[in-house]
There are 2 protein chains.
Amino acid sequence: MAPNDDTARTERPRARLFVEGDLADGVTVELARDRAHYLAHVLRLGSGASVALFNGRDGEWVGRIDALARNRARIAAVRQLRRQAAEPGPWLVFAPIKRAPLDYLVQKATELGAAALVPAVTRRTVVGRVNGGRLRAIAVEAAEQCERLTVPRIEEPAPLTRILEGWSAARRVLLCAETGEAEPIAEVLRDGAPDDGWAIVTGPEGGFEQTELDALRKLPFVTAVGLGPLILRADTAALAALACWQSILGDWRRRPPERP
Amino acid sequence: MAPNDDTARTERPRARLFVEGDLADGVTVELARDRAHYLAHVLRLGSGASVALFNGRDGEWVGRIDALARNRARIAAVRQLRRQAAEPGPWLVFAPIKRAPLDYLVQKATELGAAALVPAVTRRTVVGRVNGGRLRAIAVEAAEQCERLTVPRIEEPAPLTRILEGWSAARRVLLCAETGEAEPIAEVLRDGAPDDGWAIVTGPEGGFEQTELDALRKLPFVTAVGLGPLILRADTAALAALACWQSILGDWRRRPPERP
């Protein structure tokens, strides 16, 4: 859903672009072919038009298109719209799944404020390869659309056991499980502190093996949480857990900002 | 995620099918071509194999395949596995969106326990037609997979204003909004009662118009709720609100069942 009235639409730049370079007064940003094409031929913008820029570090800026050609665009940062602010969402540690649900998962997890996306290979994981570049592109596009100031970090796939061997015990893990020993997720979140680091861990389509689940549950930073009586798909479980975290511990606890 | 150990897999039938007819001891169910094909050629089941059957009214049954041919299958209900139980999820009243995110929305809303899916035309709704048959097929498949005992009711599209004109004031509406006047969703749910009827209302990709939002908010059964500072896509907002409802007011408040 986009802003709720037409004023907001005309006041805010119509395009919002993630860039790699630093943003500051007067800095010039060069865009490559696909972004230039998007501005010129999809949005039909021209020289002098405004876009919003962010890089995950320097807040959000109004940029003015100074030059726009078929293969490239040059944009000058002219004014800061928003300062960089903390976006303290949980990490999402997930067993890779098939391409279409994985693409959706990355898009939705970005909107739902995951700070990092960590592909974790479990015993029943059947998807061996993850195209990090594609996932990064999906996360960038989702961050641009949803007005995030950051793009979630996307890590290289690694075995879940190895990821948890090097785990900082201060970061709490919500292990999405489906057995009777799991505690209701809202109960666990209500007893938690927002400022702890958090991670949500979800299994592959085949679920965790029982021995794997037993071993994970013994780790002192892991709490097994349940998401009701139904068998959720892997991507559904991840998104549901992120939404619950945001509503009970995250920045959904505050009213949304005024959108003039 | 599927059941967590191999025991559960061998004890439960591998296929779970929604059927229209009544289910009772000795009743015989006939399946048409596509379902017969699925059993024979995708799952490679034969005569004598077990499947699970449900119809939304008579609980879940073990069925025995008595005959399986290219174009049809005959299955006898032999034993009740689970009694019919209440599945009191909220209604999801949503502005129709493009095909791919709509399909995804119906699949996920079914897993997240929506009792009814109500397409509602708002001022900025640009998708005019909804293929009810396709949505029903997606909901049936999702219900089969996630072990629901019901399939959500899918209504014909109607203008949102008309839907709310005939609204029972006892059913509370959570209107997913993006302005500063919306209350945090967890706060509203915590003050609510599970046994009230509930509905979640989400807008189209372009959001609600301000005048529309103002009019909706004046209705006595409507509470505008916020889902954080970001601009969520329409499907993301719907799924997030359903997950929050289930975790705070729904059956995610109980531990998941033992899966032996």
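Letters A, B, ... mirror the listed sequences (proteins, then strands); counts begin at 1.
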Going from [atom1] on [X] to [atom2] on [Y], what distance comes out if it is rounded to the nearest 0.5 angstrom?
X        : Y        : atom1 : atom2 : answer
A:Cys146 : B:Ile231 : SG    : CD1   : 8.5 Å
B:Leu232 : A:Gln145 : CG    : CD    : 11.5 Å
B:Ile248 : A:Cys244 : CD1   : SG    : 7.0 Å
A:Arg255 : B:Glu187 : CZ    : CD    : 7.5 Å
B:Leu239 : A:Leu242 : CG    : CG    : 12.0 Å

Count the heavy atoms belonging to other residues, nucleotides or ligands that lie under 6.0 Å from CZ of A:Arg57, then report whether that count exceeds 12.
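Yes, enclosed.
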Where is the tightest heavy-atom contact between A:Leu230 and B:Thr110, given as atom of each residue plus distance?
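For A:Leu230 and B:Thr110, the tightest heavy-atom pair comes out as CD1-O, 4.5 Å.
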Which heavy atom of B:Ala182 sits nearest to which heavy atom of A:Pro256, and what is that distance?
O-CD, 3.7 Å
A:Arg253 versus chain B, heavy atoms under 4.5 Å apart: side chain, backbone, both or neither?
backbone
Partner residues of A:Arg82 under the side chain to side chain donor-acceptor pair (under 3.5 Å) criterion, sequence neighbours left out:
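Side chain to side chain donor-acceptor pair (under 3.5 Å) check on A:Arg82 returns A:Glu60.
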So which of B:Arg148, B:Glu87, B:Glu212 has the largest heavy-atom pair count under 4.5 angstrom toward chain A?
B:Arg148
As an exercise: rank A:Gly250, A:Gly226, A:Ala240 by heavy-atom pairs under 4.5 Å with chain B and give me the winner.
A:Ala240
In terms of heavy-atom pairs under 4.5 Å with chain B, the winner among A:Asp235, A:Ile185, A:Ile97 is A:Asp235
Does A:Arg44 have any salt bridge (Lys or Arg N to Asp or Glu O under 4.0 Å) partners at least two apart in sequence or in another chain, and if so, which?
none
Who in residues 99-108 of chain A is close to chain B, using a strict under-4.5 Å heavy-atom cut-off?
A:Tyr104, A:Gln107, A:Lys108
For A:Arg233, does its backbone N or O pair with a side-chain atom of B:Glu111 as donor and acceptor, under 3.5 Å?
yes
Which residues pass the side chain to side chain contact (heavy atoms under 4.5 Å, CB included) test with B:Pro229, not counting sequence neighbours?
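Partners of B:Pro229 under the side chain to side chain contact (heavy atoms under 4.5 Å, CB included) test: A:Asp251, A:Trp252, A:Pro257.
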